[in-house]
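To start, the structure itself, in structure tokens.
A note on names: the letters A, B, ... follow the listed sequences, proteins ahead of strands, and every chain is numbered from 1. Treat the numbers as computed from the prediction; the structure is a model and nothing was measured.
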Number of protein chains: 2
Amino acid sequence: MQKEHSLSKNQKIIFDLIDKSGEPMKAYSILFNVQKKGIKAPLQVYRALDKLVEIGKIHKIESRNAFIACQNSSCQISKATAFSICESCENVSEISNSKLSKYLSNFSDDSGMKYSKYNLEFFGLCKKCKSK
Amino acid sequence: MQKEHSLSKNQKIIFDLIDKSGEPMKAYSILFNVQKKGIKAPLQVYRALDKLVEIGKIHKIESRNAFIACQNSSCQISKATAFSICESCENVSEISNSKLSKYLSNFSDDSGMKYSKYNLEFFGLCKKCKSK
DNA sequence: TTATAAATGTTATATTATTACATAACGTTA
DNA sequence: TAACGTTATGTAATAATATAACATTTATAA
């Protein structure tokens, strides 16, 4: 079992915001939303984001430069992440599929390189957008 | 068979540079390198990059905000990309593994969403860096 | 309790990317 | 070839994303 991380003040403010929103948030949108709580500078946001990513409470959606709360309770560390992204409505959700994660975690090619981490982003149209 | 794309002047200058370098290049580094060829503004670079990505001549390494020439002659369109990235020396190479690409292209979960595209980035230490 | 690490606050600045608008080159087909 | 639509180019300004550097405070643990 992983040590439970107790979040610092800024980390908690920022995590709570992202978690409540339920969707990917961008750093400056986060900044705007927490200014009333006394977080005034981008760096304060980025530092909290860095830490939250490091401990697996949030993930960065690289293709969108945005951050989403981890939706997978067992995922303490961001070493194996997969997301589905709708290219129309930009809805993002984390994929929890044990076959997929096993397949990718064990993947190796002929380069002799051992992978310790991966990030996978799938793109397409979500059900709603497809039926429009 | 895909129509062969004939690159425009700027597209060709920028593709040749990235292709020759053999490694991921960042937009402003590209800009710096092509200024002697008359490309003076960021937008000229980004426009060419967008087009080159669209037609599959280059790929964007999302976690690095960098662009690398496609190393897979059969890959005309960037719909299914996988890369291995060394977190120490930042060496990047494109993974061409038909099992992997088949697995991912056919992947579907219970969301009912059909994926038309994916991008996968593996991280670790390359052989050289591991043995240091 | 003291020293070490982690987090915070603040200013400035670096890096990455796009908007808006004007013009030129290219490809099609009437 | 002339006219049209499309693609590419040029240029300036600015928006959006992220980090450097430095001073200080708070938390943790020996």
Side-chain angles (χ1 to χ4, degrees), chain A residues 2-18 21 23-68 77-78 87 90 92 119 121, chain B residues 2-18 21 23-68 87 90 92 119 121:
Chain A
Q2 199 89 14
K3 180 185 176 301
E4 182 70 21
H5 281 276
S6 55
L7 302 182
S8 73
K9 181 171 126 277
N10 289 0
Q11 288 159 17
K12 187 161 176 9
I13 290 170
I14 286 170
F15 174 72
D16 286 347
L17 175 68
I18 299 173
S21 97
E23 54 185 30
M25 293 192 74
K26 305 199 141 219
Y28 277 72
S29 152
I30 292 168
L31 175 57
F32 178 80
N33 276 278
V34 296
Q35 273 174 336
K36 46 184 169 295
K37 305 227 172 184
I39 296 177
K40 293 181 210 141
L43 190 50
Q44 294 175 291
V45 172
Y46 281 104
R47 283 197 287 223
L49 290 173
D50 284 351
K51 189 68 188 184
L52 291 167
V53 165
E54 186 192 323
I55 64 179
K57 301 282 288 181
I58 64 172
H59 304 302
K60 182 171 188 180
I61 309 301
E62 293 287 356
S63 65
R64 299 298 186 262
N65 297 320
F67 300 85
I68 192 169
I77 301 185
S78 304
E87 290 186 293
E90 292 295 324
V92 172
N119 178 56
E121 298 181 2
Chain B
Q2 200 90 14
K3 180 184 177 299
E4 181 70 21
H5 280 277
S6 54
L7 303 182
S8 74
K9 181 172 128 275
N10 288 1
Q11 288 159 17
K12 188 162 176 7
I13 291 170
I14 286 170
F15 174 72
D16 286 347
L17 174 69
I18 299 173
S21 97
E23 53 184 30
M25 294 191 73
K26 304 199 143 218
Y28 276 73
S29 152
I30 292 167
L31 175 58
F32 179 80
N33 277 277
V34 296
Q35 273 175 333
K36 46 184 170 292
K37 305 225 173 185
I39 295 176
K40 293 180 209 143
L43 188 51
Q44 293 175 293
V45 172
Y46 281 104
R47 281 197 286 222
L49 290 173
D50 284 352
K51 189 69 188 184
L52 291 167
V53 165
E54 186 191 323
I55 64 179
K57 302 282 289 181
I58 65 173
H59 305 301
K60 182 170 189 180
I61 309 300
E62 292 287 357
S63 66
R64 299 298 185 261
N65 297 319
F67 300 85
I68 193 168
E87 290 186 293
E90 292 294 324
V92 171
N119 178 56
E121 299 181 2

Subject >> Derivation of the side-chain contact (heavy atoms from CB on, under 4.5 Å) call for B/Asn65 and B/Lys60 >> reply: CA-CA 7 Å; B/Asn65 297 319; B/Lys60 182 170 189 180; 4.1 Å; yes
**OP:** Apply the test side-chain contact (heavy atoms from CB on, under 4.5 Å) to residues B/Glu23 and B/Val92: give CA-CA distance (whole Å), side-chain angles for both, the deciding distance (0.1 Å), then the verdict.
**Re:** CA-CA 7 Å; B/Glu23 53 184 30; B/Val92 171; over 6 Å; no
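Under the 3.5 Å distance criterion, the side-chain polar atoms of A/Lys26 are matched with a main-chain donor or acceptor of A/Arg64. Remark: side-chain polar atoms of A/Glu121 are paired, donor with acceptor, to backbone N or O of A/Glu62 under 3.5 angstrom. Listed for the B/Gln11 side chain is a donor-acceptor partner under 3.5 Å among the backbone atoms of B/Ser8.
The distance from atom CG of A/Leu7 to atom C1' of C/dT8 is 15 Å, rounded to the nearest whole Å. At whole-Å resolution of the value, CG in A/Leu31 and P in C/dG9 are 13 Å apart. What separates CG of A/Leu49 from P of D/dT17 is a distance of 12 Å, to the nearest Å. For the pair B/Gln44 CD and C/dA20 C1', the interatomic distance rounds to 15 Å; values are reported in whole Å. For B/Gln11 and D/dT7, the CD to P distance is 12 Å, given to the nearest whole Å. When the C1' atom of D/dA18 is taken as reference, atom CD1 of A/Ile30 falls 13 Å away, rounded to whole Å. Remark: C1' of D/dT26 and CG of A/Asn10 are 12 Å apart, rounded to the nearest angstrom. In this structure, B/Gln35 places its CD atom 17 Å from P of D/dT9, rounding to the nearest Å.
Residue order along DNA chain D, read from the 5' end via each residue's closest nucleotide, puts B/Lys9 first among A/Arg47 and B/Lys9.
In this model, the phosphate group of C/dA7 is approached by a side-chain N or O of A/Lys51 to a distance below 4.0 Å at OP1 or OP2. Listed pair B/Ser8 / D/dT9 meets the phosphate criterion, a side-chain N or O lying under 4.0 Å from OP1 or OP2.
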For nucleotides 15-18 of chain C, give me every protein contact, N/O to N/O, under 3.5 Å, one pair per line with atom names.
residue, atom, partner, partner atom, Å
C/dT16, OP1, B/Lys26, NZ, 2.4
C/dA17, OP1, B/Lys60, NZ, 2.8
C/dA17, OP2, B/Tyr46, OH, 3.1
C/dA17, N7, B/Tyr28, OH, 2.8
C/dA17, N6, B/Tyr28, OH, 3.0

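Heavy atoms only, all atoms of each residue included: B/Leu49 and B/Phe67 are closest at CD1-CE1, 3.6 Å.
The CG atom of A/Asn33 sits 12.0 Å away from atom CD1 of A/Ile13, with the distance rounded to the nearest 0.5 Å.
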